Colleague: 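Quick one: the structure is below, questions incoming.
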Amino acid sequence: MTLRLYNTLTGQLDALEPADGKALRMYACGPTVYDYGHIGNFRTFLEVDVLRRFLRLSGMVVRHVKNITDVDDKIIRNAAVAGVPIGEYTRQYVDAFFEDLESLRVERPETIARATEHIPQMVGLIEKLAAAGAAYKAEDGSWYFRLAAFPEYGKLSKKDLSGMEDGARVDVDEYEKDSARDFALWKAPKPGETSWETVIGSGRPGWHIECSAMAMEYLGETFDLHCGGEDLMFPHHENEIAQSETATHKPFARHWMHVRFLLVDGRKMSKSEGNFYTPRDLLLKGFKASAIRLALISVPYRHPLNFTFDSLTDASKAIDRLRTFRVRLAAGVFAAGEHPAMQEAAAKARQEYLEALANDLNTADAMAPVFELVRAANTAIDRGQFFAGDREAILPVLADFDAVFDVLEDRDAEPTRRAIEWAKATGRVSEVAPELLAAQSLSDEAIEALVAERTAAKKARNFARADAIRNELAEMGVILEDSRDGVRWKRK
RNA sequence: GGCGCGGUACCCAAGUGGUAAGGGAGAGGUCUGCAAAACCUUUAUGCGCCGGUUCGAUCCCGGCCCGCGCCUCCA
């Protein structure tokens, strides 16, 4: 099914297809690793994950490049304060980033490109711009892009900068620019700063140049899709377009996708507002990784997402409903045959699910038919009108759902365990929810033993003892469900 | 000031020019030793407010109110 995706460049829904008819080449702006990623960052990465997963579910081959900005002013400053080389400083955050992506089950792109490993490509691009007269070197050795060289500047963000007077907002640090809006391609080092010796001089790359250089390195001068958070639209992406298209005289990305911001309690998340959360913070509070994932992707990417703790609780319960249903299907014993109505319901749900996603990745709309199918199937099972063939019709629908949403399999213990380990290692144990520590201390074997004891007590009609065990487990965050096929338990 | 977005039930949140998906929560019921899970019933004559277009508007147009984002580093 062809995805119709909003294209910032054209302002409309455009079909997203590989220009070469083979593989969809996409570039997504990744993190600047000067600190732990927060849920706002991860919303963007998760939405891009939804995109690539849907494309793959549709049978498309995807070549996805994600960059890691491992050199910039903040990194240099923070590393200097810590008294370590920038590579050492960023390593902890790069590692943490990948760990968080794994916790949130974000698929790994085909290529991860680190800025510090592509300095020659960036220098090459700057030389090319210089040769074309679009880049110039300032007295201190910094290089700037001459905005006047690219008349189409502003076409992505629809900004008309013609009225902007030169010098109206001159940054005092950048007095050497020819024009106030010219942006840095290469920054000359201040004393003691990390720098590279290159043919264009000593220094470090400006931010925008890395994405142009790396995207072209792996995807070619023109590629299919460029993604990022809405804040990157201007000036970052606009600058990428300017420098890339000036250098190649070819369109840079054909399609641009921008993920809207996540808000917390209706406000932009920021450290100073005190509403700033990382996935780790939430795991330590006792929220499951799968709930974080679902909460962050269940609102379509083009709408602002208002994050609240309630949204996590809601997501967690929704996941429980789906997981419980799947276990019921898997564990149930059904007679051979099938029910026409159920078969039809499954086919309809799958169709509606795929159509919703194909319509600009409307995840909220996509979930509805899946839940409707769950209810229909539960009802049929309750009434004994559900057959083995119906299960076979429904399981693929759940599989398609999970190919994108990826929350049905319970893999929540590991991210939580990792977060607790991290908290212990970094002196944050006080931030760990007490019930989480209690639950962690209870092994699966210990739970099984208590469940067995309770079952025995029930058989002896010693309900007081049975209930006592159930309550004890409940306090440790373990929920029991009696069923005809035996007792099921799960961690809350 | 410029650009843009949103205001749908108790909460979250889709959606369509023809009469409001889904999730969570609440209430009542079925089932159960009791629970849990599941199911059934129930919860917006209403989609910020006021006009207009239309046979008909939550959805189109205009005005207004409220909230938010970007325009500077930022996912």
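These numbers come from a predicted model, not from an experiment. Chain naming here is simple, since letters A, B, ... match the order of the sequence lines and numbering starts at 1 in each.
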Colleague: Checking A/Asp70 against A/Thr90: is there a side-chain donor and acceptor pair closer than 3.5 Å?
Modeller: no
Colleague: Measure from the side-chain heavy atoms of A/Lys317 and tell me the nearest of B/rA75, B/rA25, B/rC39.
Modeller: B/rA25
Colleague: A/Lys268 has an atom NZ; how far is it from atom P of B/rG6, in whole Å?
Modeller: 19 Å
Colleague: Taking 4.0 Å as the cut-off, does a side-chain nitrogen or oxygen of A/Thr379 come that near to OP1 or OP2 on B/rC40?
Modeller: yes
Colleague: Using a heavy-atom cut-off of 4.0 Å across all strands, would you classify A/Gly228 as base, sugar-phosphate, or nothing?
Modeller: sugar-phosphate
Colleague: On RNA chain B, compare the nucleotides closest to A/His208 and A/Lys490; which residue's is nearer the 5' end?
Modeller: A/Lys490
Colleague: As a test of reading the structure: which of B/rA14, B/rC68, B/rC73 is closest to the side chain of A/Ala364, going by heavy atoms?
Modeller: B/rA14
Colleague: Could a donor-acceptor pair under 3.5 angstrom be found where the side chain of A/Asp310 meets the base of B/rC10?
Modeller: no
Colleague: Rounded to whole angstrom units, what separation is found between the CZ atom of A/Phe325 and the C1' atom of B/rG23?
Modeller: 16 Å
Colleague: Is the number of heavy atoms from other residues, nucleotides or ligands under 6.0 Å of A/Arg4 CZ greater than 12?
Modeller: no
Colleague: What's the gap between B/rC47 and B/rG7 when it is taken at their C1' atoms, as a whole Å value?
Modeller: 10 Å
Colleague: Here's a test of your reading of the structure: between A/Ser157 and A/His236, which maps to the more 5' nucleotide of RNA chain B?
Modeller: A/Ser157
Colleague: Could you check whether the side chain of A/Asp467 and the base of B/rG33 have a donor-acceptor pair of N or O atoms closer than 3.5 Å, going by distance alone?
Modeller: yes
Colleague: What is the distance, rounded to the nearest whole Å, between atom CZ of A/Phe401 and atom C1' of B/rG23?
Modeller: 11 Å
Colleague: When rounded to the nearest Å, what value does the distance between C1' atoms of B/rC59 and B/rU53 take?
Modeller: 14 Å
Colleague: So, for A/Tyr153 and A/Phe145, is the gap between ring centers shorter than 6.0 Å?
Modeller: no
Colleague: May I ask you to say whether A/Glu99 pairs ionically with A/Arg280, meaning some side-chain N is under 4.0 Å from a carboxylate O?
Modeller: yes
Colleague: Write down the distance between CD1 (A/Ile297) and P (B/rG23), rounded to a whole number of angstrom.
Modeller: 17 Å
Colleague: Any idea which of B/rC40, B/rA37, B/rC73 is nearest the A/Pro235 side chain?
Modeller: B/rC73
Colleague: Roughly how many Å apart are B/rA21 and B/rG63, using the C1' atom of each and rounding to a whole number?
Modeller: 32 Å
Colleague: Is there a donor on the side chain of A/Arg470 or the base of B/rC34 sitting less than 3.5 Å from an acceptor on the other?
Modeller: yes
Colleague: Keeping A/Asp182 on the side-chain end and A/Arg146 on the backbone end, is there a donor-acceptor pair under 3.5 Å?
Modeller: no
Colleague: Using a 4.0 Å heavy-atom cut-off, does A/Glu47 contact any base of the nucleic acid, only the sugar-phosphate backbone, or nothing at all?
Modeller: nothing
Colleague: Take atom CZ of A/Phe234 and atom P of B/rC5, then tell me their distance rounded to the nearest Å.
Modeller: 18 Å
Colleague: Which nucleotide, if any, forms a Watson-Crick or G-U wobble pair with B/rU54, using both distances under 3.5 Å?
Modeller: none
Colleague: Would you say a side-chain N or O of A/Asn362 is under 4.0 Å from OP1 or OP2 of B/rA14?
Modeller: no
Colleague: Does B/rC10 have a Watson-Crick or wobble partner in any strand here, with both distances under 3.5 angstrom, and which is it?
Modeller: B/rG24
Colleague: Closer than 4.0 Å, any side-chain N/O of A/Arg375 to the OP1 or OP2 of B/rG22?
Modeller: yes
Colleague: Check A/Arg326, A/Arg105, A/Arg323 against A/Glu409 for a side chain to side chain donor-acceptor pair (under 3.5 Å) and give me the one that passes.
Modeller: A/Arg326
Colleague: What is the distance, rounded to the nearest whole Å, between atom CZ of A/Phe463 and atom C1' of B/rU32?
Modeller: 10 Å
Colleague: Measure from CG on A/Leu473 to P on B/rA36 and round the result to the nearest Å.
Modeller: 16 Å
Colleague: What about A/Asp314, does its side chain sit under 3.5 Å from the base of B/rG23 through a donor-acceptor pair?
Modeller: yes
Colleague: For a quick test of reading the model: is some side-chain N or O of A/Asn378 closer than 4.0 Å to OP1 or OP2 of B/rA38?
Modeller: no
Colleague: If you only use heavy atoms from C-beta on, which nucleotide in B/rC34, B/rG4, B/rA36 is closest to the side chain of A/Arg454?
Modeller: B/rC34
Colleague: Can you figure out which of B/rA14, B/rG69, B/rG23 approaches the side chain of A/His303 most closely?
Modeller: B/rA14
Colleague: Does a side-chain N or O from A/Asn306 land closer than 4.0 Å to OP1 or OP2 of B/rC68, or not?
Modeller: no
Colleague: Just call it for A/Asp73: base, sugar-phosphate, or nothing, with non-hydrogen atoms closer than 4.0 Å on any strand.
Modeller: nothing
Colleague: If you look at every strand shown and take non-hydrogen atoms under 4.0 Å, does A/Pro300 touch a base, only sugar-phosphate, or nothing?
Modeller: sugar-phosphate
Colleague: Which one, B/rG69, B/rC39, B/rA37, comes nearest to the side chain of A/Phe261?
Modeller: B/rG69
Colleague: If we call it a pair only when both distances are under 3.5 Å in a Watson-Crick or G-U wobble match, what pairs with B/rC49?
Modeller: B/rG63
Colleague: Can you check ring pair (Phe, Tyr, Trp, His ring centres under 6.0 Å) on A/His38 and A/Phe276, steps first, answer last?
Modeller: CA-CA 7 Å; A/His38 58 250; A/Phe276 185 91; 5.1 Å; yes
Colleague: Nearest to the side chain of A/Ala368, heavy atoms from C-beta on, is which of B/rG23, B/rA21, B/rC68?
Modeller: B/rA21
Colleague: Quick one: label A/Arg328 by what it contacts on the DNA or RNA (base, sugar-phosphate, nothing), any heavy atom closer than 4.0 Å.
Modeller: sugar-phosphate
Colleague: Hey, does A/Val299 reach any base, or is it just sugar-phosphate, or nothing, if we go heavy atoms under 4.0 Å?
Modeller: sugar-phosphate
Colleague: For A/Glu372 and B/rA13, give me the distance from atom CD to atom P, rounded to whole Å.
Modeller: 20 Å
Colleague: Assign A/Lys158 to base, sugar-phosphate, or nothing according to its heavy-atom contacts below 4.0 angstrom with the strands shown.
Modeller: nothing
Colleague: With heavy atoms under 4.0 Å as the rule, sort A/Ile381 into base, sugar-phosphate or nothing.
Modeller: nothing
Colleague: Can you tell me if A/Asp14 uses its side chain to pair, donor with acceptor, with the backbone of A/Asn7 under 3.5 Å?
Modeller: no
Colleague: Can you check whether A/Arg321 has a side-chain N or O nearer than 4.0 Å to OP1 or OP2 of B/rA38?
Modeller: yes
